[in-house]
Number of protein chains: 2
Amino acid sequence: MHTPIERRAARRFERGPEARCPLVTDIHAEKTRDALTAAHLYYIQDLTMDAIAHELHTSRSSVSRLLSHARDTGLVDIQIRSPLDATSHLQQTIRARYDVAAHIVPVPDHTSEVDRLERVALSAARILGSFFDSNMTMGIAWGSTMTAISRHLVSKTTHNTQIVQLNGAGNTRTTGITYASEILRRFGDAYGAYVQHFPVPAFFDDPATKDALWRERSTRRVLDIQSSMDVALFGVGTPYAEVPSHVYTGGYLDDDDYRMMRECEVVGDVATVFLRADGSYADIPLNARATGPDFRILKQVARRVCVSSGHSKLAALRGVLAAGLVTDLIVDEGTARALVE
Amino acid sequence: MHTPIERRAARRFERGPEARCPLVTDIHAEKTRDALTAAHLYYIQDLTMDAIAHELHTSRSSVSRLLSHARDTGLVDIQIRSPLDATSHLQQTIRARYDVAAHIVPVPDHTSEVDRLERVALSAARILGSFFDSNMTMGIAWGSTMTAISRHLVSKTTHNTQIVQLNGAGNTRTTGITYASEILRRFGDAYGAYVQHFPVPAFFDDPATKDALWRERSTRRVLDIQSSMDVALFGVGTPYAEVPSHVYTGGYLDDDDYRMMRECEVVGDVATVFLRADGSYADIPLNARATGPDFRILKQVARRVCVSSGHSKLAALRGVLAAGLVTDLIVDEGTARALVE
DNA sequence: AAGCTCCCTGCACATATGTGCACACTCCCA
DNA sequence: TGGGAGTGTGCACATATGTGCAGGGAGCTT
């Protein structure tokens, strides 16, 4: 037993007669089973990878990779469960003040905005698995926060699920399909969900075009799916960010738009629908041309998860909270503190 | 900031005004919060312990210990969740044949009986947390398996729970209280549950004494608690084990008892109630003097978890399964394979 | 206040783990 | 049958992690 093939055969042999024939043994299922066994031995029985390698007749490094695989694919589920009496003062205050369940991501105060976003996104990606399950539809926005989240998702097998794009991503330079697709695809892959694109621009030039298109059956189909969402996931956009949001730099808006935003005292947006500090949004002209869901629609979704990081989004975030758009808020610690001050 | 005290103060300071006064900050809650933060940074954000040490203003080794603490106290919950299509052939067969949910513990075939027991017990201790929750009563037996399990329990905070001893542990040499208490205490500590002792011998000399005592109100109280159990946890005893069970070596039984057991074709016991290969037990004389719960009582418990390891317990285990005493079975892989052959 | 114990800390060392790299195997296509 | 791309493996090294030990503070007793 010296070559990898012989070892794999030996492993099959040990598993019993029904596994000995490679023809009926799907190679992928075999890897999953090995990963499962390795995970059990490592996380439950506390064996070292060396010992596991020995039991599995493979090398230690393969076990290391097997375990990474197990974590990535959600075979191993690691949760932090704070005893109820240990929920932080911050969480309680935010719950009391905004009626929102806060998930506070510890991040040192001196962290750069980029790192902060990355770390909050990483945490969000891991928490998300507990919000999404079989027979659900999740609506997702796009932007730098959503991109970061999509890169860190942990797989979870679900059935009869779909991911639906909340707002168009096209602009004067691109259809946005490549960009938005990448995010959607990652979500779809992670959860084994059907992906529903929304191939429209972020903003129309003429509100009438939007109204017309919105009456089309092909568009209605997507809108109908949106209105049946169980979870909505979005970041917070703001024109005043140190790292400005994708919408405000990507060629979606022109000078007139910016002027209008200033006049209307816009503080930010959710899925390209703009709002003021008090949460009002209805009479902002730009919204008539925007493709994101009207907040009345959004508020019908049972779980509305907002991910925000960094001080520069604070004003926008306050607006979003004032509008009552959020049921679950994932933020960095600094922002959380600032929210209650 | 060079002494530990200064650092701890600094940590408090960073946490905000309400944490700065040590008088109102319970030292234990502080440790829990630190452990929670460390766990989040380590398991969710994938930082190294070094980086976490820096963020928490402490040393790397303290972080290592903090994380151990977090795991031990159940702050971190690591679960292995096999995708439904990957449940092993073995599990399915056992479910079909015995109508029992099997939890199979991978253990290499050449493992000694002692190691095997230890590893199965470790796995059992970790799984157990998912069976037991607030407002529940769990009945537990004693013996080498139960002792091993008790040593590896992961804490879980529950409310309004109790642990009740299933059968007496006294014999001609000791009241058994020290021995049984140790096991019960560990369970009670792990789950924050109220502990209910059963201070009687394992076997009475005279069945009439048992009957008399069973009519006493003090005894009835314990029996009543037993009959309201939500979970029962027990191992399998057998006189034929390589590592013989505690009951059969601890001075509980005399030569006459052994002779009788042979005559009755006893294969083993559950909580000191003996049974035959076909699961029958009612007409075994010894049982009239035994203090474990009658199987009719036991079978009323919604969840009956049996932990068994090693080939020498196989015959007994078959009997236990035949008696229909089990809803969840935790066994080593070798035994599981033997069960379906 | 001295003396005591207990517990917590950081250091230093021994282990355990993650990863770039080269090689070998499989599968696919010509 | 013979490449060639792609995947998976083990080796060796660089890091990351666990733990015995000695020192020092907090709290208790006398």
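Just so it is clear: chains get the letters A, B, ... in the order the sequence lines come, proteins before strands, and each one is counted from 1.
Taken together, the paired segments of DNA chain C that extend over three or more consecutive Watson-Crick or G-U pairs, each closer than 3.5 Å at both contacts, are C:1-30 with D:1-30.
Following rounding to the nearest Å, A:Leu47 (CG) and C:dA16 (P) show an atom-to-atom distance of 12 Å. Here D:dT17 presents its C1' atom at 6 Å from CE of B:Met49, a figure rounded to the nearest Å. Rounded to an integer number of Å, the gap from CD1 of A:Ile52 to C1' of D:dG10 is 17 Å. Rounded to whole Å, the distance from NE2 on A:His69 to P on C:dT19 is 16 Å. At whole-Å resolution of the value, CG in A:Leu66 and C1' in C:dT17 are 15 Å apart. Rounded to a whole Å, the NE2 atom of B:His54 is 15 Å from the C1' atom of C:dG10. Summarising the geometry, the separation between CG on A:Leu56 and C1' on D:dT9 is reported as 14 Å, rounded to the nearest angstrom. Separating the CG atom of A:Asp46 from the P atom of C:dT17 is a distance of 10 Å, rounded to the nearest angstrom.
One finds a side-chain N or O of A:Ser62 lying less than 4.0 angstrom from the OP1 or OP2 phosphate oxygen of D:dG10. Residue B:Thr58 places none of its side-chain N or O atoms closer than 4.0 Å to OP1 or OP2 of C:dT9. Between B:Ser59 and C:dT9, a side-chain N or O to OP1/OP2 separation shorter than 4.0 Å is absent. Side-chain nitrogen and oxygen atoms of A:Ser64 include at least one within less than 4.0 Å of the OP1 or OP2 phosphate oxygen of C:dG18.
The residue A:Thr48 sits close only to the backbone: its heavy atoms come under 4.0 Å of sugar-phosphate atoms, none of a base.
By the ring-ring contact (aromatic ring centres under 6.0 Å, His included) test, A:His152 is found to be paired with no residue, residues two or more places apart in sequence or in another chain being considered. With sequence neighbours excluded, the residues that form a side-chain hydrogen bond (donor to acceptor under 3.5 Å, both in side chains) with B:Arg81 are A:Asp77. For A:Thr161, the side-chain hydrogen bond (donor to acceptor under 3.5 Å, both in side chains) criterion is met by A:Thr158, not counting sequence neighbours. The ring-ring contact (aromatic ring centres under 6.0 Å, His included) check on A:Phe187 picks up nothing, with sequence neighbours excluded.
Each salt bridge (Lys or Arg N to Asp or Glu O under 4.0 Å) pair with one or both residues in residues 119-133 of chain B, not counting sequence neighbours, appears once here: A:Asp46-B:Arg126, A:Glu55-B:Arg119, B:Asp133-B:Lys156. Each salt bridge (Lys or Arg N to Asp or Glu O under 4.0 Å) pair with one or both residues in residues 57-67 of chain B, not counting sequence neighbours, would appear here, but there are none.
The aromatic rings of B:Phe132 and B:Tyr191 sit tilted, their planes meeting at an angle between 30° and 60°.
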Distances for protein N/O vs nucleotides 21-24 of chain D N/O pairs under 3.5 angstrom?
none

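Nucleotides of DNA chain C nearest to A:Tyr42 and B:Arg60 differ in position, and the one nearer the 5' end is that of B:Arg60.
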Please set out all donor-acceptor pairs under 3.5 angstrom arising from side-chain atoms of residues 37-44 of chain B, sequence neighbours excluded.
from, atom 1, to, atom 2, distance (Å)
B:Thr37, OG1, B:Arg33, O, 2.9
B:His40, NE2, A:Ser123, OG, 3.3
B:Tyr43, OH, B:Arg71, NH1, 2.7

Run A:Asp189 and A:Arg185 through side chain to side chain contact (heavy atoms under 4.5 Å, CB included) and show every step you take. CA-CA 6 Å; A:Asp189 283 358; A:Arg185 190 188 53 73; 2.9 Å; yes

